[in-house]
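Shown next, in structure tokens, is the structure this report addresses.
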There are 2 protein chains.
Amino acid sequence: MTKMVLLIEDDPQMRRLICDYLTEFGYDVEAFEDPKEALSRFCRTPRVFDVVILDLMLPHMDGFDVCRKIKERHDVPIIISSARGDIGNKIHGFELGVDDYLAKPYEPRELILRIEAVLRRQGRSEKFQVGDLTIDPANREVTVEDFTVSLTPIEMDLLLYLLQKRGHAVSREQLIQAASLPPDTRNRTIDMHISNLRHKIGDDPKNPKYIRSQWGIGYKFIG
Amino acid sequence: MTKMVLLIEDDPQMRRLICDYLTEFGYDVEAFEDPKEALSRFCRTPRVFDVVILDLMLPHMDGFDVCRKIKERHDVPIIISSARGDIGNKIHGFELGVDDYLAKPYEPRELILRIEAVLRRQGRSEKFQVGDLTIDPANREVTVEDFTVSLTPIEMDLLLYLLQKRGHAVSREQLIQAASLPPDTRNRTIDMHISNLRHKIGDDPKNPKYIRSQWGIGYKFIG
DNA sequence: AGAGTTCTTGAATTTTTCTTGACAATTTTC
DNA sequence: GAAAATTGTCAAGAAAAATTCAAGAACTCT
């Protein structure tokens with residue numbers, strides 16, 4: 001899943017440099033000189049961006065105002081790219097939810113590292129794909145071919161546990177534990193949940209893409 | 001809409017001066033000498049105040065404690081009015097969510113400017129649309145198909161928070177926090193507010209356009 | 001102080017999920 | 001191939017969660 005970066009930087013040379021470097025590393029970059037244009041672009045579809053890189057020294061607008069407007073609209077991580085003199089503003093910035101600082105001049109490589117760190121912290125990178133499934137454990141959301149399917153809490157627990165042990169068969173007892181069910185729960189109950197889960201994610205027990213029954217043992221997520 | 005100011009200042013002369021000046025500029029001021037009284041007043045109806053002006057040099061109580069207690073109860077902007085020597089404490093203050101500083105002595109005019117700046121910053125200035133809804137966070141107004149609906153303060157807080165987390169389910173606990181409700185508030189209370197909110201914006205729980213219930217998790221604004 | 005809102009919460013109602021027995025289908029064992 | 005064990009799913013009732021009602025408390029405004 002390729003990450004989208006919104007870059008707001010008024011120095012053309014710098015903009016070009018960062019843009020090229022990020023692209024080289026597989027990021028999709030939309031770069032703006034004018035913060036107002038950037039904001040209007042952001043507000044159109046705020047959730048497509050995974051991270052914002054923001055220069056504090058901007059024309060027409062205070063960088064912190066931009067920051068605040070972005071955060072109000074959507075809680076995306078922001079990395080400030082500031083001149084070294086602005087360290088004093090750091091506190092102010094962290095108040096506004098800024099996620100990291102880089103003092104110019106910096107190595108482009110450093111920027112990549114910071115972006116990765118921020119995304120990791122956000123837990124955005126934890127969203128993963130298996131076949132047609134996209135699983136977002138933090139938000140307990142699953143999509144099949146981009147359609148959201150609504151799993152019940154137990155189904156979600158089972159899926160996450162199976163996924164965690166991907167490639168290994170797990171017993172019904174383990175699944176009962178994983179879903180925090182009472183220890184005296186019947187095995188049939190698990191079978192039923194698995195059946196419902198398979199149905200929701202479009203899996204066929206006889207010819208499974210995801211969850212295979214291990215006869216006499218339990219279930220396993222195909223790895 | 002006249003703005004309410006909570007003033008905490010132990011010097012009677014100063015208190016009087018600020019009070020008069022703010023009143024002259026159309027603000028409603030409640031002034032206290034004793035921070036404990038001020039806190040108790042604040043806690044009675046936290047959401048009526050638009051801004052708090054706080055003297056750091058207080059009797060019986062550390063100014064930062066007052067600050068923290070206020071922020072715990074409700075996230076209202078705070079402007080510190082401190083003696084010039086206390087600049088070193090700034091960092092401490094910003095950590096606590098203080099919004100601005102004024103070093104005594106200052107021109108009353110300066111205070112007005114700071115208050116306006118803080119209120120402007122608070123005001124999320126962009127209107128936006130979702131389906132048939134138009135939401136104006138700055139003025140806390142919502143229209144459905146161009147008809148204004150009057151939301152209560154809590155309903156507005158909930159709607160804005162859900163909108164901010166659009167596409168992600170949020171728990172009732174998060175909503176309780178977001179609306180600055182007491183932490184021991186029952187979950188039913190949130191359900192009730194959501195029910196009323198849905199009714200006002202013309203949403204049907206069984207077939208929602210805006211707010212979907214996530215069974216076992218909470219609510220989410222459809223994204 | 002009193003009228004009108006808004007807020008909170010227990011309880012009734014509705015909806016969704018969970019559990020389990022039943023039985024058919026499948027796999028293993030002998 | 002028959003018997004035994006295991007798995008898949010239906011359907012019905014139990015349990016849990018969500019929604020709404022209703023009444024009283026708290027708050028706002030005049």
Side-chain angles (χ1 to χ4, degrees), chain A residues 140 149-159 169-173 175-176 178-208 210-220, chain B residues 1-2 4 28 30 40-50 73-74 140 149-159 162 169-173 175-176 178-201 203-208 210-220:
Chain A
R140 300 177 67 86
V149 296
S150 84
L151 300 189
T152 70
I154 292 179
E155 285 158 8
M156 191 74 204
D157 285 346
L158 295 180
L159 178 59
V170 296
S171 69
R172 290 176 178 74
E173 285 71 25
L175 290 169
I176 285 172
S180 312
L181 297 174
D184 60 335
T185 306
R186 300 279 166 280
N187 285 353
R188 301 320 27 258
T189 303
I190 294 298
D191 293 342
M192 199 65 240
H193 285 302
I194 293 288
S195 171
N196 294 334
L197 177 54
R198 277 168 163 163
H199 201 254
K200 284 184 182 175
I201 64 178
D203 209 14
D204 174 14
K206 285 166 198 159
N207 188 15
Y210 306 118
I211 300 172
R212 165 165 299 156
S213 312
Q214 293 291 98
W215 208 89
I217 300 184
Y219 297 95
K220 94 170 179 196
Chain B
M1 181 59 169
T2 145
M4 294 281 292
D28 252 3
E30 289 194 37
S40 118
R41 168 68 190 92
F42 177 77
C43 286
R44 207 155 67 245
T45 59
R47 57 189 63 251
V48 307
F49 295 104
D50 298 288
R73 195 65 186 78
H74 183 59
R140 299 178 69 85
V149 295
S150 85
L151 299 189
T152 69
I154 293 180
E155 285 158 7
M156 192 71 203
D157 284 346
L158 294 180
L159 178 59
L162 284 167
V170 298
S171 69
R172 290 176 177 75
E173 285 70 27
L175 290 169
I176 286 172
S180 307
L181 298 174
D184 61 336
T185 306
R186 300 277 167 281
N187 286 350
R188 296 290 125 257
T189 302
I190 294 298
D191 293 342
M192 201 63 240
H193 286 302
I194 294 286
S195 172
N196 294 334
L197 177 54
R198 276 168 163 163
H199 202 253
K200 286 184 182 175
I201 63 178
D203 210 13
D204 174 13
K206 284 162 203 160
N207 189 15
Y210 306 118
I211 300 172
R212 164 167 300 156
S213 314
Q214 292 290 101
W215 211 89
I217 299 193
Y219 296 95
K220 94 172 177 194

- Note on the structure: Of Ile154(B) and Ile190(A), the one whose closest nucleotide on DNA chain C sits nearer the 5' end is Ile154(B)
Could you give the [atom1]-to-[atom2] distance, from [X] to [N], as a whole number of Å?
X         : N       : atom1 : atom2 : answer
Leu197(B) : dT20(D) : CG    : C1'   : 15 Å
Asn207(A) : dG8(D)  : CG    : P     : 13 Å
His193(B) : dT8(C)  : NE2   : P     : 4 Å
Ile194(B) : dT20(D) : CD1   : C1'   : 14 Å
Arg172(B) : dA18(D) : CZ    : C1'   : 7 Å

- Query: With no hydrogens and no angle check, is any side-chain donor or acceptor of Arg198(B) less than 3.5 Å from a backbone partner on Pro205(B)?
  - Reply: no
- Query: Is a donor on one side and an acceptor on the other found under 3.5 Å between the side chain of Arg212(B) and the backbone of Tyr210(B)?
  - Reply: no
Reckon [X] has a side-chain N or O less than 4.0 Å from the OP1 or OP2 of [N]?
X         : N       : value
Arg198(A) : dG8(D)  : yes
Thr152(A) : dC18(C) : yes
Thr189(B) : dT9(C)  : yes

Nearest to the side chain of [X] - [options]?
X         : options                  : value
Pro153(B) : dT17(C), dC21(D), dC7(C) : dC7(C)
Lys206(B) : dT26(C), dT15(C), dC7(C) : dT15(C)
Arg188(A) : dT9(C), dA11(D), dA22(C) : dA22(C)
Pro205(A) : dT8(C), dT19(C), dG8(D)  : dG8(D)

- Item | Sugar-phosphate only, base, or nothing, as touched by Leu181(B) at under 4.0 Å among non-hydrogen atoms | sugar-phosphate
- Item | First encountered from the 5' end of DNA chain D, between Asp204(B) and Arg44(B) | Asp204(B)
Quick one: are [X] and [Y] in side-chain contact, heavy atoms under 4.5 Å?
X         : Y         : answer
Val170(B) : Gln214(B) : no
Arg172(B) : Ile194(B) : no
Asp157(A) : Arg140(A) : yes
Ile190(A) : Tyr219(A) : yes
Asn196(B) : Thr152(B) : no

- Looking at DNA chain D, which of residues 212-219 of chain A put a heavy atom within less than 4.0 Å of it? Ser213(A), Gln214(A), Trp215(A), Gly216(A), Ile217(A), Tyr219(A)
- What distance do Ile154(B) atom CD1 and Leu197(B) atom CG have between them, rounded to the nearest 0.5 Å? 11.5 Å
- One would report the end-axis bend of the helix from dA1(C)-dT30(D) to dC30(C)-dG1(D), five pairs per end and rounded to 10 degrees, as 40°
- Work out which heavy atom in Leu159(A) is nearest to a heavy atom in Leu151(A); give both atom names and the distance. CD2-CD1, 3.9 Å
- Residues that Asp203(A) engages under side-chain hydrogen bond (donor to acceptor under 3.5 Å, both in side chains), provided they are two or more places apart: none
